[in-house]
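One structure is given here, and the rest of the page talks about it.
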Number of protein chains: 2
Amino acid sequence: MRAVDIIRAKRDGNALTREQIAWMVTGASDGSVPPYQLSAWLMAVWLRGMTPDETTWLTDAMVDSGVRVDLSAVPGIKVDKHSTGGVGDKTSLIIAPVVAALGVPVPMMSGRGLGHTGGTLDKLESIQGFRTRLTLDEFRAQVADLGCALIGQTDEVAPADRTLYALRDVTATVESLPLICASILSKKIAEGIDALVLDVKTGSGAFMAREDDARALADALVGLAERSGLRVAALLTQMDVPLGRTIGNALEVRECVDVLRGGGPADLVELSVELAALMVWLGQGRPSLEAARDAVREALADGRGLAAFRAIVQRQGGDVGMIDDPATLPQAPVRDMFTAPGEGYVARYDAGLLGRAAVQLGAGRARAEDAVDPAVGFDLLAVPGDRVVAGAPLIAIHARTAADVAAVRPMLAEALTMSATPPAPRPLILDRLGLAATR
Amino acid sequence: MRAVDIIRAKRDGNALTREQIAWMVTGASDGSVPPYQLSAWLMAVWLRGMTPDETTWLTDAMVDSGVRVDLSAVPGIKVDKHSTGGVGDKTSLIIAPVVAALGVPVPMMSGRGLGHTGGTLDKLESIQGFRTRLTLDEFRAQVADLGCALIGQTDEVAPADRTLYALRDVTATVESLPLICASILSKKIAEGIDALVLDVKTGSGAFMAREDDARALADALVGLAERSGLRVAALLTQMDVPLGRTIGNALEVRECVDVLRGGGPADLVELSVELAALMVWLGQGRPSLEAARDAVREALADGRGLAAFRAIVQRQGGDVGMIDDPATLPQAPVRDMFTAPGEGYVARYDAGLLGRAAVQLGAGRARAEDAVDPAVGFDLLAVPGDRVVAGAPLIAIHARTAADVAAVRPMLAEALTMSATPPAPRPLILDRLGLAATR
């Protein structure tokens, strides 16, 4: 085979064969196809698309480029969750331990934040000592012992995806449904899972701002997961305002502990319960989705979820004292307040703008090589629907310097919408997909 | 500027600005834009196209990436010819000296053959000692002294085109009208010319086999040349059967000398006279095209064209004895005959197939790094329209070995079409473009 012929076939809108796709992906892994041919191919894929079969073969080939974790020694249906990312999106820290506590194994590999969306690894690392880099042997042993491990993707997992993603990032070929879906699912399949729950977000803080685009992504992900032999369910959820009341790594860990203690903000609890219940149900941990919801609520109320999280933190080297007393989590040196400019209702905080303001504080990263500050971020003291008077505290700012506070104030002012009348309630779960196939 | 933004804009079908295009081309020249970004951009251009303005700016930027030869010291309108390539297409060796002999300067930079099409440099180098690599100073001086020089493109001419072409060749992005046109014209403009005659060929032996595609290329080239400030005229010509009776480097030089002595095959003479007349007319060497045709025919008949060619060969180090006595040109050690399989009319020799058979003999190259053999090739003893008996000699084969003869025999049999009745005459000049704009 020759790369130029495969590029030409895709350029001309033809479907590639399984062998052609596998050959290109192998070439990406072992360097036998040079980057300039891969990027021309990626652009042709971006513009011409891929059939469902091609996308499945691409996913298979990316899985085969590395190790597929063998979790057959762990009994039961292994389930993971993937979110397309958002602002204040911290559900993984809640649902992974809760689902594991209910007897369904969760081998979870997560990513870091980039741009205005946060990352599970960054949040976990705000707990002193927490190791997100385990070997695959440590990972397997922990899933067997505790039912859950929370780590980053290792180098052995889908290396072709890393090569292709790095190229896509600099050649304007990221936003392609088949490439996005194959990238997401190849890494999940390589974890050794049997079932997957997807949280596909839409709104200003999401990867797909427009609901139509997010729905198309959810459809494509569910179809690909099914063709790849996974049990799968997906939620289409709102990410136009932040999820929960905190944005920033340590602040979000504190909020997750609140939820694991049976408290926490209603929207975060609602979404966490629904995602965890889907995982428990897909994992056959309960006979019905409703029974799974009840079980999740109980495990949050009676502390089993918190105990599971504490055990995971301890096993991965984290300071459990920070879980027992979240006030000991990293604290920012500068605290200031953003207040209501007038009287009225808080109608909306633009999630995308708040996410970018958090990056400005240092809570996220503009480039993959940037470091994040665990302590900084925002605490939303009033949320959409609350009525406030002029000067009322709206957002507590946790910053490194007064200059950072000054830099983000105009961003917060831009993100805030006030209204004279109560804003219409904003549904959190917009749609459900893939249930029929798994029911 | 960032390459990824320029790639994205083209991916999305937007027209780029002059500054964006210049920035990418500069990046191709100086290496500041890596090959994987250039190739993604080229694929986006292939699939989304370029506006006439964008193509003009691309051409300008490629010219500006190197030296533009300053021929202002040579009086008169400098004219060149460009052919899109064919089999037996040897007109440059005839028309460049004839036009120069008529007082119109011809600063001609040519290419080598690749695939089934021959190259002017390869033909010239079959003359012992002929130097096609002159410095730009030598080139300028010779054009000033003799009115003509016949050389290869130097490294100083449009280096960005070389970088981009090498990438296009391996990323299936060659066949794009804006990229083809900018590549051709940037190299011609950099020669320092004021006017250009284009010979755009169509048929099995041409770069564009289909007439519609060739016409679109001719239209695009003429439009781009006009926008780039050149006086331009184009012929759309037939390349379904070879031009003239010889294919192969030394054989073609011999045939050109025949034409320069006032003889030669009718089709080659007709096309050479027409192209040369257009050059003379665009170069204001004669007041009308008809007067230019008469002048060219005279210069062929009275030996002025031959004298000019002889002077060029001498100046560029070639053995003029080979021009005075073409029997001293390189001779192949093996001569054999392909004969008529039956009685009837020769209806057609497929130009593409004969071109590939010539490559098989060693007259052309499959890859750019291959060497060519000056002596081998074919001599068409009967041409379309001739009536022959079974066993009559059709094609004299000039080869290195008997094995090569055996290898090409089936290709010649496949290329030949015989008919019981005389074939319809095949017009050579199919259309004329760009005359209105230059009249």
Side-chain angles (χ1 to χ4, degrees), chain A residues 1-14 16 20-21 23-24 27-29 31-50 114-115 160 162-180 207 210 213 366-368, chain B residues 1-16 20-21 23-24 27-29 31-50 114-115 160 162-180 210 213 366-368:
Chain A
M1 284 195 209
R2 297 194 316 160
V4 67
D5 298 325
I6 297 173
I7 299 168
R8 182 180 296 109
K10 180 47 66 184
R11 178 199 79 184
D12 292 343
N14 299 319
L16 302 179
Q20 287 176 313
I21 290 172
W23 191 87
M24 285 298 272
S29 290
S32 62
V33 176
Y36 52 82
Q37 289 185 313
L38 295 172
S39 66
W41 179 63
L42 290 167
M43 181 57 79
V45 168
W46 199 100
L47 283 159
R48 294 297 201 175
M50 275 189 159
L114 187 60
R162 258 192 308 287
T163 301
L164 292 175
Y165 191 85
L167 272 177
R168 288 167 59 204
D169 194 38
V170 293
T171 57
T173 50
V174 169
E175 317 91 325
S176 151
L177 274 192
L179 296 178
I180 291 167
F207 176 60
R210 293 181 51 240
D213 293 339
R367 293 171 309 172
Chain B
M1 287 196 206
R2 298 193 316 160
V4 67
D5 299 324
I6 296 172
I7 298 167
R8 181 179 297 109
K10 182 45 66 184
R11 179 199 80 184
D12 292 342
N14 298 318
L16 302 178
Q20 288 176 313
I21 290 172
W23 191 88
M24 285 298 272
S29 291
S32 62
V33 176
Y36 51 82
Q37 290 186 313
L38 295 172
S39 65
W41 179 63
L42 290 167
M43 180 57 79
V45 169
W46 199 101
L47 283 160
R48 295 297 201 177
M50 276 189 159
L114 186 61
R162 257 193 308 285
T163 302
L164 292 175
Y165 191 85
L167 272 177
R168 287 167 60 202
D169 194 38
V170 292
T171 57
T173 50
V174 169
E175 317 91 325
S176 153
L177 275 191
L179 296 179
I180 292 168
R210 292 181 51 240
D213 293 338
R367 293 172 308 173

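Chain A is the first sequence line, chain B the second, and so forth, proteins listed ahead of strands; every chain is numbered from 1.
In this structure, the portions of B:Ala44 lying under 4.5 Å from any heavy atom of chain A include both its backbone and its side chain. Looking at B:Asp12, only its side chain comes within 4.5 Å of chain A, counting heavy atoms on both sides. Using a 4.5 Å cut-off between heavy atoms, B:Trp41 makes no contact with chain A at all. Using a 4.5 Å cut-off between heavy atoms, A:Arg48 contacts chain B through its side chain alone, with no backbone atom that close. Only the side chain of B:Leu167 has a heavy atom closer than 4.5 Å to any heavy atom of chain A.
Side-chain contact between A:Phe207 and A:Ile180: present, with at least one pair of heavy atoms (C-beta onward) separated by less than 4.5 Å.
In this view, B:Ala172 and A:Val4, A:Ile7, A:Arg8, A:Arg11 satisfy the side chain to side chain contact (heavy atoms under 4.5 Å, CB included) rule, not counting sequence neighbours. Under the salt bridge (charged side-chain N to carboxylate O under 4.0 Å, His left out) criterion, B:Arg210 pairs with B:Asp212, B:Asp213, sequence neighbours left out. Looking at residues two or more places apart in sequence or on another chain, you find a side chain to side chain contact (heavy atoms under 4.5 Å, CB included) between B:Ser29 and B:Ser65, B:Ala160.
Contact record, B:Val174 with B:Arg168: O-NH2, 2.6 Å, taken as the closest heavy-atom pair. When all heavy atoms of A:Gln20 and A:Met1 are compared, the closest pair comes out as CA-SD, 3.8 Å.
Using non-hydrogen atoms only and a strict 4.5 Å limit, the part of residues 32-39 of chain B facing chain A consists of B:Pro35, B:Tyr36, B:Gln37, B:Ser39.
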- Task: Under the side chain to side chain contact (heavy atoms under 4.5 Å, CB included) rule, what do A:Met24 and A:Leu16 come out as? Steps first, then yes or no, please.
- Result: CA-CA 11 Å; A:Met24 285 298 272; A:Leu16 302 179; 5.8 Å; no
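Panel note: side chain A:Lys10, backbone A:Gly49; a donor-acceptor pair is recorded below 3.5 Å.
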